[in-house]
Amino acid sequence: MRTVYDDLIQQKQKEMSKTLEDMTYKYINPQTQQPTKVPASHFEKELGLEVERVINQAVNQKFLTIMYTELNSLMKDNKELFYKALLCIDNNLNPKDLRISDQIALNHTYAYMEEKQANERKNFRFFSEDISNEYKKAITDPNIQATAMEVSNFIENNETRDLNAIKNQGDNTYNQQQDNNYDEYEEEPDLDF
């Protein structure tokens, strides 16, 4: 049985972009009760991104996953030292340079955190409440999301412009080198004996 996907992957980029625009339009946003409008030009731009840039994003995601896994493992191995290390980072302390007063403060703060975690259970957050609230605000506020996407798109457009300039410059340099090589070429005189 043939599916829409089968037809989609056989389309050219421009046709595919229009199809994706139509598919997206069919989604009714539950908050606004309006169709979702994404122009075909957006899909065409996204589909035209160089693979290296897309791979870079995937690599960053992979590194984030690796760091998360490692940090989570460290926390499970020794929660006390993990939290104390985070406290050191948060307070710009190097564990090698801890004074007795710093060690006392770390021990006291960790004991406070343990008690707070026991009382709050699943509601406990290592970061302060205002940081957690800011995260919740950022993930739900469409204005913050839109501003971040504008900045991201601006940076991406500048990178694309710079990459194209470098490519063009490289092509021009290559052409100039070829011209110089041609100019430097001297015909050997005919030697008739």
Side-chain angles (χ1 to χ4, degrees), residues 1-76 82 86 89-90 120-179:
M1 178 176 194
R2 192 165 180 81
T3 65
V4 173
Y5 174 77
D6 297 325
D7 289 339
L8 184 70
I9 60 173
Q10 292 181 356
Q11 294 177 351
K12 293 190 177 358
Q13 184 175 330
K14 199 169 205 91
E15 295 169 334
M16 186 182 288
S17 299
K18 290 177 182 176
T19 302
L20 290 172
E21 177 184 17
D22 291 342
M23 291 170 75
T24 307
Y25 190 80
K26 291 179 183 178
Y27 178 75
I28 304 297
N29 185 327
Q31 294 174 341
T32 63
Q33 297 301 315
Q34 299 293 316
T36 304
K37 296 179 183 180
V38 180
S41 58
H42 169 74
F43 293 110
E44 194 168 348
K45 178 185 162 200
E46 290 295 317
L47 292 170
L49 282 177
E50 294 178 10
V51 174
E52 291 83 14
R53 289 169 63 182
V54 176
I55 288 173
N56 188 36
Q57 293 170 356
V59 168
N60 285 343
Q61 186 69 28
K62 184 69 175 170
F63 277 133
L64 178 60
T65 302
I66 290 169
M67 287 184 186
Y68 167 81
T69 303
E70 287 301 313
L71 289 173
N72 203 25
S73 174
L74 289 170
M75 185 178 73
K76 288 178 181 175
F82 174 79
L86 290 179
I89 290 170
D90 195 44
E120 295 178 6
R121 295 194 176 113
K122 289 187 178 184
N123 293 327
F124 173 77
R125 298 288 175 264
F126 172 75
F127 292 112
S128 63
E129 190 174 335
D130 58 328
I131 293 173
S132 293
N133 288 341
E134 191 64 24
Y135 174 80
K136 289 174 187 170
K137 175 182 166 189
I139 203 159
T140 57
D141 187 337
N143 294 324
I144 292 173
Q145 297 283 324
T147 301
M149 289 309 301
E150 287 173 6
V151 171
S152 174
N153 290 341
F154 176 78
I155 291 169
E156 190 174 287
N157 290 339
N158 283 342
E159 286 176 350
T160 300
R161 188 191 70 236
D162 292 347
L163 285 172
N164 289 337
I166 290 169
K167 286 179 187 174
N168 290 338
Q169 184 180 12
D171 291 344
N172 292 339
T173 303
Y174 176 77
N175 291 336
Q176 287 174 350
Q177 287 174 347
Q178 294 300 323
D179 291 344

Would you indicate whether Gln31, at its atom CD, is surrounded by more than 12 heavy atoms from other residues, nucleotides or ligands within a distance under 6.0 Å?
no

Using side-chain heavy atoms (C-beta onward) and a distance below 4.5 Å, is [X] in contact with [Y]?
X	Y	result
Ile66	Phe63	yes
Met16	Lys12	no
Phe43	Thr19	no
Leu8	Leu20	yes
Tyr25	Val38	no

[atom1]-[atom2] distance between [X] and [Y], expressed to the nearest 0.5 angstrom:
X	Y	atom1	atom2	answer
Glu21	His42	CD	NE2	11.0 Å
Gln10	Glu15	CD	CD	11.0 Å
Asp162	Gln169	CG	CD	11.0 Å
Lys14	Leu47	NZ	CG	12.0 Å
Leu74	Glu70	CG	CD	6.5 Å
Thr160	Ile155	OG1	CD1	11.5 Å

Checking Thr36 side chain against Tyr27 main chain: does a donor-acceptor pair fall under 3.5 Å?
yes

Is there a donor-acceptor contact under 3.5 Å from the side chain of Gln13 to the main chain of Glu44?
yes

Just checking, any donor-acceptor pair under 3.5 angstrom between side chains of [X] and [Y]?
X	Y	answer
Lys45	Asn157	yes
Arg161	Asn164	no
Asn72	Thr69	no

Residue pair Asp6 / Ile9: nearest heavy atoms and the distance that separates them
O-CG1, 3.4 Å

Heavy-atom closest pair (Ser17 atom, Ala40 atom, distance to 0.1 Å) is CB-O, 3.3 Å

By side-chain hydrogen bond (donor to acceptor under 3.5 Å, both in side chains), which residues pair with Asp7, not counting sequence neighbours?
Arg2

